[in-house]
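Here's the structure, in structure tokens; my notes come after.
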Amino acid sequence: MDDFQSAEETAFVIDEVTTIIKEAVEGAIGGNTYQHNKVNQWTSNVVEQCLNQLTKLGKPFKYIVTCVIMQKNGAGLHTASSCYWDNTTDGSCTIRWENKTMYCIVSVFGLAI
Amino acid sequence: MKLENTYRLEPKDTNKFQTEQVEGLLKDILESRFENMEYDATKCAALSKDLSKFIHTRVRCLGFPRYKYIIHVTIIQNKGQSLQISSRYLWNADHDRYATYTFNNANLIVTAQVYAVYFE
């Protein structure tokens with residue numbers, strides 16, 4: 001009996017997701033300087049843009065997207081994730097982006113249905 | 001050895017992920033661990049990994065069956081800078097939940113999120 005879908009179509013492809021995240025971040029905060037009153041809107045834009053593009057891939061996945069934007073102030077930040085899932089089908093991707101005034105860290109977790 | 005799935009489309013009412021219970025758990029863990037802690041770059045790197053594994057074990061011990069978990073922990077030095085964290089999800093709102101807690105003291109801010117996704 002044939003598989004209903006080939007392995008490539010239902011796997012979490014890190015390269016594709018990396019491209020999506022980078023484009024979303026560049027598009028939302030690309031050449032901007034840190035502004036406290038806009039950061040709320042920026043994080044929402046980044047996350048929503050990522051989620052929209054991921055949905056367009058049309059894969060049978062549930063997604064969780066997290067975005068952290070921090071002003072460059074010399075302060076330290078550490079982030080860690082721990083996951084309980086199926087290693088063969090699920091995956092995650094984290095991208096770190098920065099410019100002169102801020103850091104942006106985006107994590108995407110994809111869980112197969 | 002790969003086992004075939006035994007499908008169950010939704011959790012029994014008694015087995016649904018309880019947000020309040022997990023938020024209480026996160027509150028206890030973070031408050032007891034970080035009560036008077038200072039920020040130290042070398043220690044906090046290992047501490048964040050350790051904390052996420054610890055929360056992971058405790059949440060699994062609560063025993064909600066057929067749930068997959070993602071635990072996300074962030075430790076930030078409190079230096080008066082501005083920070084924004086957002087997350088969005090694409091999931092089944094009936095069964096999938098998240099719990100979050102933020103702890104801060106004079107030196108650092110710790111935030112933990114637990115996302116629970118039901119596996120059919």
Side-chain angles (χ1 to χ4, degrees), chain A residues 29 34-52 54-55 57 59-90 92 94 101-113, chain B residues 2-3 5 39-57 59-60 64 67-93 95-96 98 100 107-120:
Chain A
I29 56 179
Y34 187 89
Q35 280 169 357
H36 180 68
N37 52 357
K38 287 207 178 158
V39 74
N40 197 354
Q41 196 190 348
W42 286 340
T43 49
S44 302
N45 286 348
V46 169
V47 175
E48 277 160 25
Q49 175 69 357
C50 278
L51 211 47
N52 284 338
L54 287 166
T55 320
L57 291 176
K59 294 194 175 178
F61 275 88
K62 290 181 178 176
Y63 295 105
I64 295 165
V65 184
T66 314
C67 171
V68 180
I69 295 186
M70 185 168 94
Q71 187 184 15
K72 274 193 180 179
N73 194 18
L77 177 145
H78 297 276
T79 174
S81 302
S82 176
C83 310
Y84 178 59
W85 60 26
D86 182 343
N87 267 336
T88 50
T89 54
D90 307 330
S92 72
T94 304
T101 50
M102 54 187 169
Y103 294 109
C104 178
I105 301 169
V106 180
S107 299
V108 173
F109 301 93
L111 293 100
I113 296 178
Chain B
K2 193 163 163 42
L3 297 171
N5 192 7
Y39 180 85
D40 178 59
T42 39
K43 280 193 203 155
C44 283
L47 187 57
S48 60
K49 276 197 226 171
D50 183 52
L51 182 64
S52 75
K53 281 191 197 151
F54 182 70
I55 294 176
H56 180 166
T57 328
V59 170
R60 280 182 58 189
F64 299 108
Y67 271 95
K68 289 181 179 174
Y69 299 109
I70 292 167
I71 291 96
H72 193 217
V73 163
T74 310
I75 301 181
I76 307 125
Q77 187 181 12
N78 194 349
K79 250 192 163 191
Q81 82 279 16
S82 175
L83 168 87
Q84 177 80 19
I85 302 180
S86 298
S87 60
R88 295 280 186 282
Y89 21 82
L90 180 71
W91 63 25
N92 183 339
H95 320 311
D96 303 328
Y98 74 95
T100 176
N107 307 305
L108 48 72
I109 305 164
V110 186
T111 173
Q113 286 89 41
V114 176
Y115 302 98
V117 179
Y118 183 71
F119 179 63
E120 293 163 8

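Only this structure's heavy atoms are used, side chains among them; waters, hydrogens and symmetry mates stay out. Lettering of chains follows the sequences in order, A, B, ..., and the numbering in each one begins at 1.
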*asked:* Please classify the contact of B:D50 with chain A as side chain, backbone, both or neither, using a heavy-atom distance under 4.5 Å.
replied: neither
_Spatial distance of atom SG (A:C104) from atom CD (B:Q84) [nearest 0.5 Å]_ = 11.5 Å
*Is any residue of residues 108-117 of chain B within less than 4.5 Å of chain A by heavy atoms, and which ones?*
B:Y115, B:V117
*Taking C-beta and beyond as the side chain, do A:T55 and B:L90 meet within less than 4.5 Å on heavy atoms?*
yes
*Counting only heavy atoms closer than 4.5 Å, note whether B:Y98 contacts chain A via side chain, backbone, both or neither.*
neither
_Partner chain B: residue of A:Y103, A:W42, A:Y84 with the largest heavy-atom pair count (under 4.5 Å)_ = A:Y84
*Let me know if A:S92 has heavy atoms under 4.5 Å from chain B in its side chain, its backbone, both or neither.*
neither
*Taking all non-hydrogen atoms of both residues, which atom of A:G74 and which atom of B:Q77 are closest, and how far apart?*
O-OE1, 4.0 Å
*Could you tell me which residues in residues 39-46 of chain B have at least one non-hydrogen atom under 4.5 Å from a non-hydrogen atom of chain A, sorted by residue number?*
B:Y39, B:A41, B:C44, B:A45
*Which pair of heavy atoms, one from B:H56 and one from A:S82, lies closest together, and at what distance?*
ND1-OG, 2.5 Å
*Does any heavy atom of chain B fall under 4.5 Å from the side chain of A:Y34, the backbone, both, or neither of them?*
side chain
*asked:* Below 4.5 Å, heavy-atom pairs only: which of A:L51, A:I113, A:V106 has the largest tally toward chain B?
replied: A:L51
*What pairs with B:T57 under side chain to side chain donor-acceptor pair (under 3.5 Å), at least two apart in sequence or on another chain?*
none
*Hey, are the side chains of A:L77 and B:L83 touching, using non-hydrogen atoms and a 4.5 Å cut-off?*
yes
*Measuring from A:L111:CG to B:I70:CD1, what's the distance to the nearest 0.5 Å?*
4.5 Å
*Report the option among A:A80, A:S44, A:A75, A:S107 that has the most heavy-atom pairs separated by less than 4.5 Å from atoms of chain B.*
A:A80
*Going by distance alone, is a donor N or O of one side chain under 3.5 Å from an acceptor N or O of the other, for B:S48 and A:H78?*
no
*Contacting region of A:I64 [heavy-atom separation from chain B under 4.5 Å]*: both
*asked:* Quick check for you: to the nearest 0.5 Å, what is the distance between A:T79 atom OG1 and B:I85 atom CD1?
replied: 7.5 Å
*Which atom names give the shortest non-hydrogen contact between B:K68 and A:A112, and what distance separates them?*
NZ-O, 3.7 Å
_Pairs of heavy atoms under 4.5 Å with chain A: top-ranked of B:G80, B:S87, B:S86_ = B:S86
*Can you name the residues that form a salt bridge (charged side-chain N to carboxylate O under 4.0 Å, His left out) with B:E120, not counting sequence neighbours?*
none
*Quick one: does A:V68's side chain get under 4.5 Å of B:I76's, heavy atoms only?*
no
_Rounded to the nearest 0.5 Å, what separates atom OG1 in A:T43 from atom CZ in B:R88?_
7.0 Å
